[in-house]
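Counting starts at 1 for both ligands and their atoms, in listed order. Numbers here are sequence positions counted from 1.
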Amino acid sequence: MTVPIKISPSILSADFSKLGDEVVSLEKAGADYIHIDVMDGHFVPNLTIGPEVIKKLRPLTKKIFDVHLMISPVDNFINDFAAAGADIITFHPEATEDISKTIELIRKQNKKVGISLKPKSKIDLIKDHLDKIDLVLIMSVEPGFGGQKFMPEVLEKTKKLKEILNEKKLKVDIEIDGGINFENCSLAKAAGVNIIVSGSTIFKENKGDLKKNIEILRKN
Ligand code: DX5
Ligand code: ZN
């Protein structure tokens with residue numbers, strides 16, 4: 001049985017001077033989700049966008065806003081991102097003192113819950129929460145910047161996670177994020193990934209032909 005693959009382009013590689021147009025173009029090009037990287041200059045050494053920007057983008061598309069929060073402490077901002085129009089809210093376990101509480105906060109807002117594991121973060125950190133979440137985001141680069149090199153060592157962790165989910169009969173999406181290109185996307189899928197995030201490849205390959213790049217990432 002082949003699992004349908006979803007493509008979640010990261011707008012971190014978009015032209016920020018025309019972000020609205022870029023989101024509309026991604027929808028037209030066949031994106032399933034819109035991946036929005038939120039960074040605070042503290043949890044990660046870079047600053048990006050906040051809820052106000054997401055609120056302005058929200059009316060432009062019906063696509064799922066896949067919001068990746070790289071901010072700490074995360075709890076104080078959950079309601080703002082929910083109100084701004086996030087559909088999936090993903091946080092890092094290191095950015096909260098109480099993982100269960102953060103999951104609850106997101107659930108209370110009727111949003112899907114994701115937890116993200118940095119390349120060196122172990123499955124053990126989240127294994128007791130797998131039955132309460134919708135998605136695990138495996139980082140295949142150190143979070144903070146687009147355009148970095150894929151770290152193949154995370155594939156083992158991905159396979160292990162898929163095995164655990166199968167054993168527990170849990171339907172949790174596995175998303176991969178960082179350094180994804182036309183070659184390694186197939187390795188990620190083989191390891192159990194069903195949602196592919198990509199910034200540089202989608203915006204820069206084939207002279208920025210979004211549709212073509214999304215199609216290749218889906219098919220390869
Ligand atoms: C990194 C971000 C990623 C990144 C992906 O912290 O979470 O979403 O933008 O960009 P590429 O595909 O260029 O690695
Ligand atoms: Zn991301």
Side-chain angles (χ1 to χ4, degrees), residues 5-16 19 22-23 26 29 31-51 53-54 57 63-72 74 77 81 86-95 112-121 134-155 158 173-189 193-210 212-218 220:
I5 300 295
K6 292 198 155 54
I7 307 295
S8 189
S10 164
I11 57 170
L12 193 57
S13 296
D15 180 344
F16 273 35
L19 207 44
E22 296 273 59
V23 166
L26 286 172
D32 298 288
Y33 297 171
I34 305 292
H35 187 82
I36 304 177
D37 287 305
V38 176
M39 306 186 187
D40 68 351
H42 163 73
F43 185 73
V44 288
N46 194 7
L47 271 174
T48 56
I49 61 176
V53 176
I54 296 178
L57 295 174
K63 291 286 157 189
I64 288 173
F65 278 0
D66 170 27
V67 176
H68 178 191
L69 297 181
M70 287 161 273
I71 61 175
S72 163
V74 69
F77 286 99
F81 282 101
D87 298 294
I88 304 167
I89 298 182
T90 297
F91 66 96
H92 284 257
E94 297 88 351
K112 291 208 164 166
V113 182
I115 303 192
S116 180
L117 291 176
K118 293 194 274 190
K120 289 190 193 73
S121 298
D134 301 289
L135 175 152
V136 177
L137 172 57
I138 302 278
M139 291 298 308
S140 38
V141 298
E142 286 300 334
F145 300 93
Q148 301 182 74
K149 201 170 170 294
F150 180 75
M151 298 167 75
E153 56 268 36
V154 306
L155 292 170
T158 309
D173 290 316
I174 306 182
E175 182 174 36
I176 197 156
D177 183 8
I180 292 290
N181 59 33
F182 297 142
E183 285 78 46
N184 59 30
C185 66
S186 56
L187 303 175
K189 290 174 197 173
V193 165
N194 68 304
I195 307 174
I196 305 265
V197 176
S198 163
S200 317
T201 295
I202 286 179
F203 282 93
K204 306 218 167 89
E205 288 299 321
N206 295 306
K207 299 195 179 109
D209 185 336
L210 304 176
K212 187 172 185 179
N213 294 337
I214 288 173
E215 268 165 20
I216 302 175
L217 285 173
R218 203 189 298 282
N220 277 14

re atom 1 (C) of ligand 1, the protein heavy-atom contact at minimum distance is F145 O, 3.6 Å

Closest non-hydrogen protein atom to atom 13 (O) of ligand 1, residue and atom name please, with distance?
-> S200 OG, 2.4 Å

What is the ring orientation for H92 with F43, classed by angle as parallel under 30°, tilted 30 to 60°, or perpendicular over 60°?
-> tilted

For the 3.5 Å polar cut-off, considering only N or O atoms, please tell me whether [X] and ligand 1 meet it.
{"X": "G199", "value": "yes"}
{"X": "S13", "value": "no"}
{"X": "G147", "value": "yes"}
{"X": "G179", "value": "yes"}
{"X": "Q148", "value": "no"}

Side-chain heavy atoms of I176 within contact of F150, under 4.5 Å | yes

Whether F150 lies under 4.0 Å from ligand 1, heavy atom | no

For P143, the ligand 1 atoms with a heavy-atom partner under 4.0 Å come out as 6 (O)

Taking atom 6 (O) of ligand 1 as the point of reference, which of S116, S10, G144, S198 owns the nearest heavy atom?
-> G144

